[in-house]
Colleague: 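Got a structure for you, written out below as structure tokens; questions coming shortly.
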Amino acid sequence: MNENLSYQKFDQSWGVGPLPAFPDKPLHEILRETAARVPKKDAVISLHYRLSYEDLNLYSDRFAVYLAELGLKKGDRVATMLPNCIQHAIAIYGILKAGCTMVPFNVMLKGQEAQYILEESEAKVLVCLDLLLPMVRPVAESLGLTKVVTVHVKDFSAPTATIPPMLSGDKQPVDGATDFMAIIKADQGDVPYVHVDLKKDLACILYTSGTTGFPKGAMITHYNYHANSNVVLGPLGLTGEDTIMLLFPLFHVGGQALILFPAVRSGATCVAIPVFSPGDTLDLIQRFGISYTFAPPTAYIGLLNHPDFNKFNLSSLRMTTSSGALVPAALKKQWEEAIGTYLFAGYGCTESTAASPGIVEQVNRKNSENGCIGAALGGEMKIVDTSGNIVPRGTIGEYVLRGDGIVQGYLKKPDETRACFLEDGWWATGDAGYMNEDGFCFFVERIKDLIVASGYNIAPAEVENYLYKHPAIQEVAVIGIPDDYRGETVKAFVVLKEEEKGKVTEDDIIAFGKEAMASYKTPKLVEFIDAIPKNPSGKTLRRLLREKEDLTNKKTT
């Protein structure tokens, strides 16, 4: 390959160690091996409660038996609507042991959003946080989903822990639902054996926003997860001696692929954070000696800006990595000066099972320039023009990735699968950037219209679909605008019906959005305009709205 072209294949010498061999067993069998090797070691710590590998294995066995006794078979889907907690880890491994496919989704989703995922995935069981069940139960019942398991996070907590306010309600029995603790505390016999084809059988259907406004279920195999664990354990250097912060949610590819599965394979300890609070997180780092972190840039900003930051001993931190949004060079500098640890930047996607393949700074491939996302990790990458030709270095094009982490495609969406999953195993990301002469990759913009705020993908069309239900809105268009804290934030441009002008305020639109959507999708800014720019075929020109926003910002500065 011509060295002047924007192509790169992962070089194992860039990282801490070489890629390990692929395991020949499914994810849950790796848990069994680790539990046999280090039974008394902490597997997951949540709300200061320590769960050993021995108990994680035992409790997930019991949950698997429960699912089998319900009549679930290989490939059946089990949905989870849970924050990071011990119960979520148990449920994940129990689902896999039963031969089922997990369908985890965001705890911030509202009823209609949850309904779409439950219906398309054909989930047969829902494992739900008890405090959220009143919102989603009507939806589940309307779909005929009557098998519901409730989780109360304080069931696994220690007296020393600070319970986040949103999780602090008392436990209440729920009619018609089964209590999670009742399942895992009862000895229900042996787990039935289920054969798993690592490359074909789905471990997870993980929903990610689609540009059409409907989430897409990425179909992830055990083999895909193994590929990602390989890069975390080899080039990125996670070991069984580490204590890793589980801040990325387990309903997010980062929480699963970057943290839980590699940690269990190595025998490391996960410290789960149900709700991020800078002060509590600083305490957890100090209290449990957290040594390894994956987190969005917003988390590091929050930690550094906490008024008591300098009162905490953070010397245990040895490896800190950030992804989900661009990591500003100024943040890297501030973090390293404060902690003494380099803040690595990374780029990955649900469709690449996070980072295999991905683009990540590595031990011998660091670059702190603004916009740098690193170099190829665990596979291959190329930057191409609109005809699919690899562009010269320094030229902007679309990132295309290939490697063992590329998922099987999108559930029940053959057209979108064909559009993005190309010949010979390549996947087109829809993100634009360039490679410099030294082989470092830089992010420029999304070719697709997706907004990424605090690591979450947001489809403008999905937000627009909900806002159109407001009786005063005639037209609406949504874009992402730069935000120093969240990476991007959502802004809605709204055309009001003539008779509603002067009666409806920007705050009214924002409040309406909060009722219908997860908080991270809800517009933080609203601007009333006379018309939405469109092309001759009637397609919204979000590019012109972004240019309008840039021009406005320049005038105000």
Side-chain angles (χ1 to χ4, degrees), residues 208-215 325-326 370-371 383-387 391 395-399 416 419-420 428-434 442-454 456-470 472-498 500-502 504-510 512-513 516-517 520-557:
T208 181
S209 288
T211 56
T212 62
F214 296 101
L326 286 180
N370 271 323
I383 304 174
V384 302
D385 59 22
T386 54
S387 299
V391 300
T395 302
I396 295 173
E398 180 180 8
Y399 284 110
E416 291 196 49
C420 300
T429 67
D431 289 333
Y434 66 92
F442 292 77
F443 181 89
V444 174
E445 65 177 352
R446 269 172 297 285
I447 297 171
K448 300 172 184 176
D449 287 323
L450 284 180
I451 301 164
V452 181
S454 299
Y456 291 117
N457 288 346
I458 304 165
E462 183 181 8
V463 179
E464 291 162 4
N465 287 341
Y466 284 110
L467 293 180
Y468 266 118
K469 296 178 182 180
H470 192 292
I473 290 180
Q474 177 174 305
E475 285 191 291
V476 61
V478 167
I479 66 169
I481 62 173
D483 184 284
D484 290 340
Y485 182 65
R486 304 174 75 226
E488 283 186 301
T489 198
V490 180
K491 179 171 181 177
F493 290 87
V494 172
V495 179
L496 291 174
K497 295 176 181 177
E498 195 64 35
E500 300 292 343
K501 291 180 179 178
V504 177
T505 68
E506 291 89 343
D507 288 341
D508 291 334
I509 303 299
I510 292 171
F512 179 82
M517 290 176 283
Y520 67 91
K521 298 179 189 176
T522 303
K524 302 297 185 288
L525 298 168
V526 170
E527 181 178 337
F528 293 134
I529 58 177
D530 293 329
I532 302 294
K534 301 183 182 71
N535 67 12
S537 64
K539 182 179 179 180
T540 297
L541 295 174
R542 292 191 179 87
R543 172 181 55 81
L544 296 183
L545 293 174
R546 286 190 285 264
E547 291 175 358
K548 176 182 185 300
E549 186 69 20
D550 290 343
L551 183 61
T552 301
N553 290 337
K554 287 178 182 178
K555 288 181 178 178
T556 57
T557 56

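Everything numeric here is computed off the predicted structure, so don't read it as measured data.
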Colleague: If you look at every heavy atom in Phe493 and Lys548, which pair is closest and at what distance?
Modeller: CE2-NZ, 4.2 Å

Colleague: Between Val391 and Thr395, what is the shortest heavy-atom contact and its length?
Modeller: CG2-O, 3.4 Å

Colleague: For Arg542, check salt bridge (charged side-chain N to carboxylate O under 4.0 Å, His left out) against everything at least two apart and list the hits.
Modeller: Asp449, Glu464

Colleague: Might you work through the side-chain contact (heavy atoms from CB on, under 4.5 Å) test for Glu500 and His470, ending with a clear yes or no?
Modeller: CA-CA 11 Å; Glu500 300 292 343; His470 192 292; over 6 Å; no

Colleague: Does a side-chain heavy-atom distance below 4.5 Å link Arg546 with Pro482?
Modeller: no

Colleague: Partners of Asp483 by side-chain hydrogen bond (donor to acceptor under 3.5 Å, both in side chains), sequence neighbours excluded?
Modeller: none

Colleague: Can you tell me which residue among Val476, Leu525, Val526 is in a side-chain contact (heavy atoms from CB on, under 4.5 Å) with Ile509?
Modeller: Val526

Colleague: Can any side-chain N or O of Tyr434 pair as donor or acceptor with the backbone N or O of Phe442 at less than 3.5 Å?
Modeller: no

Colleague: Any sub-3.5 Å donor-acceptor pair from Gln474's side-chain atoms to Val495's backbone N or O?
Modeller: no

Colleague: How many angstroms lie between NZ in Lys491 and CG in Leu545, if you round to the nearest 0.5 Å?
Modeller: 9.0 Å

Colleague: What pair of heavy atoms forms the shortest contact from Ile396 to Ala432, and how long is it?
Modeller: CG2-CB, 4.2 Å

Colleague: For Thr522 and Val490, which heavy atoms make the closest approach, and how far apart are they?
Modeller: O-CB, 4.2 Å

Colleague: Under 3.5 Å, side chain of Glu398 to main-chain N/O of Val384, donor-acceptor pair present?
Modeller: no

